[in-house]
Amino acid sequence: MKISNLYRWIIFIIFIAFGLYFTALGGYLVSLGGSPFYLFTGVILLIIAACFWKQKKLTLLLFNLLFLATIIWSIWESGFDFWALSPRLDIVFILGLLLLPFLSIKNAYACRINKISLLTLLAATLVIILGSMFTDPHAIDGQFSRSQPDVNHSPVGISDNDWPAYGRTQAGVRYSPLTQINSDNVDKLVEKWTFHTKDEKRPDDAVEITNEVTPIKIDDNLFLCTPHQYLISLDPATGKEKWRFDSKLQYNKSFQHMTCRGVAYYDQKNTAEFAKSIEERQPIASTECPQKVFLPVNDGRLIAVNAQTGDVCRDFGTEGEINLLTSMPYAYLGGYNPTSPPIVTGNTIIIGGSVTDNLSTKEPSGVIRGYDVNNGQLMWIFDTGAEDPNTMPGESTEFVHNSPNAWAPLAYDAQTDVVYIPTGVGTPDIWGGDRHPLKERYANSIVALKGSTGELVWHFQTTHHDLWDMDVPSQPSLVDIKTDKNEVIPAIYAVTKTGNVFVLDRRDGSPIVPITEKDVPTTVKLGPQTQGEHYSSTQPFSALNLAPENKLKESDMWGGTMADQLLCRIAFNQLNYEGIYTPPSENGTLVFPGNLGIFEWGGISVNQDRQVAVMNFITLPFISKLYLKDPNDKNVIEGGHGEQGLQPMTGTPYSVDIHPFLSPLGLPCKQPPWGFVAGVDLEKNQLVWKQRFGTIRDSLPNLMELPPLKIGVPGLGGAISTAGNVMFVAASQDNYIRAFDVTNGKMLWEARLPAGGQATPMTYSIDGKQYIVIMAGGHGSFGTKMGDSLVAYGLPDNQ
């Protein structure tokens, strides 16, 4: 066979190019203390290139030795994990394929045994790669031994057919006792109807405009809100619009968030049921709207709307609305942003809100407030930064600025009249050298308050002196759990960005699952120490923790190819990283768990009857880098309102850049998986099963026609579960909603969504038919396709 000179030149240049690349950058990696294998690869490739040009028989011998060494090294570093093996083997495999035409040339390049060896190595690589597709070292293939009991727990006053609150109940369980759709027939689900909200992204919207809503369903009404805060009522059987209320949201591009996760419902006839065990009840007042829907509005308002007509309830607040910016310091438009639904008790509506992260030291307060559910009068406050949190503001006094806020949904126990508040850190998040101790007292905590008065019952802090944005990011779940001694304990499950699942006795906040204070890093090895900062030497860790057990290491770095994987290894060694809670630094710090956290606002789904919980979570690292500001520089960093990118932290010595840890190709530098679904036994508080969740189908549009391979991608949104033994979740970066078997985590069904499903589903029954509903509207900063579709699924009519 005759090989053209042009082809020889091409092969020679390719080997030289890769040889120079791996020699130069591999040598730099070695100088940083990293793996020598890339340098070794580069040197051998250069020698092979010289031998190849001179048609030396040593060519294939050297290449085969390099090929074999690469296979051994790859398996040694990553085991038989398809996604970890592939980028370690891809370049050398392709180079081997390029050499195939030269095997037919006699008396050149190699003897027969080396030619056979190359073919053997190519075949072995294919077998290893294909074989690794059927194993997953990151999965846990357990199953729950307890089946669903015959009698299901149903909270007082809630119909099995309804989903009347954000978490179905205000206890935040995200669980339905419905069984018509179950693990035996869920694969037959079909789309029943789709409703288009007609509220889509506009040119003047903020970057983080999101469709995170979970609708609520009461009787024959389905209520949802949209990113521009339209409140819509639908017929739950058909998806037809009944009425629409326009909040006339005031907004601009500077808003950090434009989202509405949900609304709250109040029915005066149920007041006695909700408050029956509360000793001090207010008399039931007459009201213009016996059934109200409460709509939080991102410009700092709370509006009450008649649930039947869509008209504003004018006897609530001032002409139907409460101005949440009243008595608020630094009350600029968008600075205080209620994004989650409030809690409604028998006589009180309780609300928190989001405060702009990392903008300045002059931001609104994170105060929690309770208002009369009928007239909107302020009944109590709990200001998380005040010496006396319950002291009402006066005519000349305001709430405490930059106090820790509660942006995630709250949880409520109607039997004890206690509301549970998940708090974050007082902004700015990444530097806290001058934070007053009062502003740290209730930060990053679960705070239990009396729902009728706002008085403190207890609190528990999940992170001390937070410099990593490790909020308590989701609605806690309240569940009665059984112990090995057959006792029943009222528990609260608080999931956190750190991956810790804190399981506390909700009567007094004492730990049910052991919590240990462990030493954490307090210095950085690379670059100067942060000016004016101090650190907590220990942090609390729960025995129930879904974060990776071991800290990241260089061999965990990833890339689409061996070439960009090398760049990620270099970047890893250039960053400060001593494990979780490594301090932020001017050099740059690897933050893992990252700013999105292990858990985000989706929370968990808890089946008290079966004593199990299911959930989805993330493992994606971030980088934070502090920039020391010139005190004489009066310029203000523009565009610092987002949660990623350069953020000003005005009033501190630093600005900060926060972004995911990505390769130059835009791929995560940590090898997959980055997203999981999991099941936890609540009696043993142990992880029972864990599976990768999601594909790269919608992340790489040019591969959309290829079979989607399960890789495990990040997700935003939560899961629900039912007595039918099914877990439903969308959330992932690919546009799917999926159903999993609660018993063992096996996927049972999936359906394509018209846009990103960064929301938590819900389920209900009407006219004897069960529906699964998900908002498919996308997420502006998460990069998924935007849309306006609310999609309902059900069994075929003949089922």
Engineer: Would you sort out whether His779 and Leu716 count as a side chain to side chain contact (heavy atoms under 4.5 Å, CB included), showing the intermediate values?
Structural biologist: CA-CA 9 Å; His779 193 289; Leu716 287 177; 3.7 Å; yes
Engineer: Return the set of residues passing side chain to side chain contact (heavy atoms under 4.5 Å, CB included) with Ala719 (not counting sequence neighbours), or none when no residue passes.
Structural biologist: Asn616, Met727, Val729
Engineer: Would you compute the distance between atom CG of Leu410 and atom CD1 of Ile350 and round it to the nearest 0.5 angstrom?
Structural biologist: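 One gets 7.5 Å once the value is rounded to the nearest 0.5 Å.
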Engineer: Honestly, is Arg752 close enough over Tyr736, meaning NZ or CZ under 6.0 Å from the six-membered ring centre and within 45° of the axis?
Structural biologist: yes
Engineer: Show your working on side chain to side chain contact (heavy atoms under 4.5 Å, CB included) between His257 and Glu212 and close with a plain yes or no.
Structural biologist: CA-CA 11 Å; His257 304 281; Glu212 298 178 358; over 6 Å; no
Engineer: Check whether any side-chain heavy atom of Phe195 sits under 4.5 Å from a side-chain heavy atom of Glu241, and report yes or no.
Structural biologist: yes
Engineer: What residue pairs, at least two apart or across chains, pass disulfide (SG to SG under 2.5 Å) with a residue in residues 167-239?
Structural biologist: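 Sorted pair list: Cys225-Cys260.
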Engineer: Does some side-chain heavy atom of Asp219 sit less than 4.5 Å from a side-chain heavy atom of Asp162?
Structural biologist: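 Side-chain contact under 4.5 Å: yes.
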Engineer: Which atom pair, heavy atoms only, marks the closest approach of Gln291 to Asp267?
Structural biologist: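 Closest heavy-atom pair between Gln291 and Asp267: NE2-OD1, 3.3 Å.
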Engineer: Is it the case that Arg369 places NZ or CZ above or below the six-membered ring of Tyr336, under 6.0 angstrom from the centre and within 45 degrees of the axis?
Structural biologist: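 Yes, cation above the ring, under 6.0 Å and within 45°.
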Engineer: First locate atom OH of Tyr493, then atom CD1 of Ile446, and finally report the distance between them rounded to the nearest 0.5 Å.
Structural biologist: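 It comes to 14.0 Å.
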Engineer: Mind checking what makes side chain to side chain contact (heavy atoms under 4.5 Å, CB included) contact with Ser247, not counting sequence neighbours?
Structural biologist: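 With sequence neighbours excluded, Ser247 shows a side chain to side chain contact (heavy atoms under 4.5 Å, CB included) to Gln229, Phe245, Leu249, Leu295, Val297, Arg301, Ile303, given in chain and number order.
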Engineer: Calculate, to the nearest 0.5 Å, the distance between atoms CD and OG belonging to Gln758 and Ser781 respectively.
Structural biologist: 9.5 Å
Engineer: Tell me if a side-chain donor or acceptor on Lys192 pairs with a main-chain N or O of Leu795 at a distance below 3.5 Å.
Structural biologist: yes
Engineer: Using atom types as modelled and distance alone, determine if a side-chain donor or acceptor of Arg261 lies under 3.5 Å from a backbone N or O of Pro341.
Structural biologist: no
Engineer: Report yes if the side chains of Ile216 and Met762 come closer than 4.5 Å at any heavy-atom pair, otherwise no.
Structural biologist: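 No, their side chains stay 4.5 Å or more apart.
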Engineer: Determine yes or no for a side-chain-to-main-chain donor-acceptor pair under 3.5 angstrom, with Thr784 supplying the side chain and Gly778 the backbone.
Structural biologist: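 Pair absent, no side-chain N/O of Thr784 close to backbone of Gly778.
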Engineer: Answer yes or no: is there a side-chain heavy-atom contact under 4.5 Å between Asp204 and Tyr251?
Structural biologist: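 They are in contact (side-chain heavy atoms under 4.5 Å apart), so the answer is yes.
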Engineer: Can you name the nearest heavy-atom pair linking Thr214 to Pro761, along with the distance?
Structural biologist: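 Smallest heavy-atom distance, with atoms named: CG2-O, 3.8 Å.
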Engineer: At what distance, to the nearest 0.5 angstrom, does CH2 of Trp243 lie from CG of Asn221?
Structural biologist: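 Rounded to the nearest 0.5 Å, the CH2-CG separation comes out at 8.0 Å.
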Engineer: Working note: Tyr764 + Gln770, criterion side chain to side chain contact (heavy atoms under 4.5 Å, CB included); need CA distance, chi angles, decisive distance, verdict.
Structural biologist: CA-CA 6 Å; Tyr764 59 85; Gln770 185 182 353; over 6 Å; no
Engineer: Could you list all the salt bridge (charged side-chain N to carboxylate O under 4.0 Å, His left out) pairs where at least one residue sits in residues 765-794, not counting sequence neighbours?
Structural biologist: Lys769-Asp797
Engineer: Please answer whether the main-chain N or O of Asp480 pairs with a side-chain N or O of Gln611 as donor and acceptor at a distance below 3.5 Å.
Structural biologist: yes
Engineer: Pair Asn337, Thr339 - check side chain to side chain donor-acceptor pair (under 3.5 Å), show working.
Structural biologist: CA-CA 6 Å; Asn337 191 324; Thr339 56; 5.3 Å; no
Engineer: Under 4.5 Å between any side-chain heavy atoms of Thr763 and Phe728, yes or no?
Structural biologist: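 No, too far: nothing below the 4.5 Å cut-off.
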Engineer: How are the rings of Tyr266 and Phe294 set relative to one another: parallel (under 30°), tilted (30 to 60°) or perpendicular (over 60°)?
Structural biologist: tilted
Engineer: Taking the six-membered ring for Trp, are Tyr771 and Trp193 parallel (under 30°), tilted (30 to 60°) or perpendicular (over 60°)?
Structural biologist: tilted
Engineer: Tell me if a side-chain donor or acceptor on Thr743 pairs with a main-chain N or O of Gln143 at a distance below 3.5 Å.
Structural biologist: no
Engineer: Could you check whether any side-chain heavy atom of Thr345 comes within less than 4.5 Å of a side-chain heavy atom of Val373, counting everything from C-beta outward?
Structural biologist: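 Side chain of Thr345 against side chain of Val373, heavy atoms only: no contact under 4.5 Å found.
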Engineer: Atom CG of Asp299 and atom CG of Asn252: how far apart are they, to the nearest 0.5 Å?
Structural biologist: 10.5 Å
Engineer: Quick one: list whatever passes salt bridge (charged side-chain N to carboxylate O under 4.0 Å, His left out) with Glu683, sequence neighbours left out.
Structural biologist: Arg146
Engineer: Please confirm whether the backbone N or O of Ser183 pairs with a side-chain atom of Asn725, one donor and one acceptor, at under 3.5 Å?
Structural biologist: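 No, the answer is negative, given that no donor and acceptor are paired below the 3.5 Å cut-off.
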Engineer: Indicate the atoms forming the closest heavy-atom contact of Val488 with Lys482, along with that distance.
Structural biologist: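 Heavy atoms only, the tightest pair is CG2-CG, 4.3 Å.
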Engineer: Within the structure provided, determine whether Lys710 and Gln691 are in side-chain contact (heavy-atom separation under 4.5 Å).
Structural biologist: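 When only atoms from C-beta onward are counted, Gln691 and Lys710 do touch, with a gap below 4.5 Å.
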Engineer: For the pair Asn298 (side chain) and Pro338 (backbone), establish whether a donor and an acceptor sit closer than 3.5 Å, ignoring hydrogens and angles.
Structural biologist: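 Flag set: sc Asn298 to bb Pro338 pair under 3.5 Å.
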Engineer: Strictly below 4.0 Å, N to O, side chains only: are Lys292 and Asp315 in salt-bridge contact?
Structural biologist: no
Engineer: Measuring only between side-chain heavy atoms, which start at C-beta, is Asn161 closer than 4.5 Å to Leu178?
Structural biologist: yes
Engineer: Quick one: closest heavy-atom pair of Glu208 and Gln256, and the distance?
Structural biologist: CB-O, 3.3 Å
Engineer: Is there a side chain to side chain contact (heavy atoms under 4.5 Å, CB included) between Phe676 and Leu546? Walk through the geometry before answering.
Structural biologist: CA-CA 10 Å; Phe676 293 93; Leu546 272 72; over 6 Å; no
Engineer: Hey, does the side chain of Asp471 reach the backbone of Pro473 with a donor-acceptor pair shorter than 3.5 angstrom?
Structural biologist: no
Engineer: If you compare all heavy atoms of Arg168 against all heavy atoms of Trp163, which two are closest, and at what distance to 0.1 Å?
Structural biologist: N-NE1, 3.3 Å
Engineer: So, Ser732 side chain and Asp734 main chain: donor-acceptor pair closer than 3.5 Å or not?
Structural biologist: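 Checked: pair present.
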Engineer: Tell me if a side-chain donor or acceptor on Tyr420 pairs with a main-chain N or O of Arg506 at a distance below 3.5 Å.
Structural biologist: yes
Engineer: Mind telling me whether Trp689 and Phe144 have parallel, tilted or perpendicular rings, with 30° and 60° as the class edges?
Structural biologist: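 Perpendicular.
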Engineer: Quick check for you: to the nearest 0.5 Å, what is the distance between Asn306 atom CG and Gln308 atom CD?
Structural biologist: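 Reported value, rounded in 0.5 Å steps: 6.5 Å.
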Engineer: Among residues at least two apart in sequence or on other chains, which ones pass side chain to side chain contact (heavy atoms under 4.5 Å, CB included) with Pro796?
Structural biologist: Lys188, Val190, Asn798, Gln799
Engineer: Show the nearest heavy-atom pair for residues Pro227 and Thr210, with the distance to one decimal.
Structural biologist: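 Closest pair (atom of Pro227, atom of Thr210, distance): CG-O, 3.1 Å.
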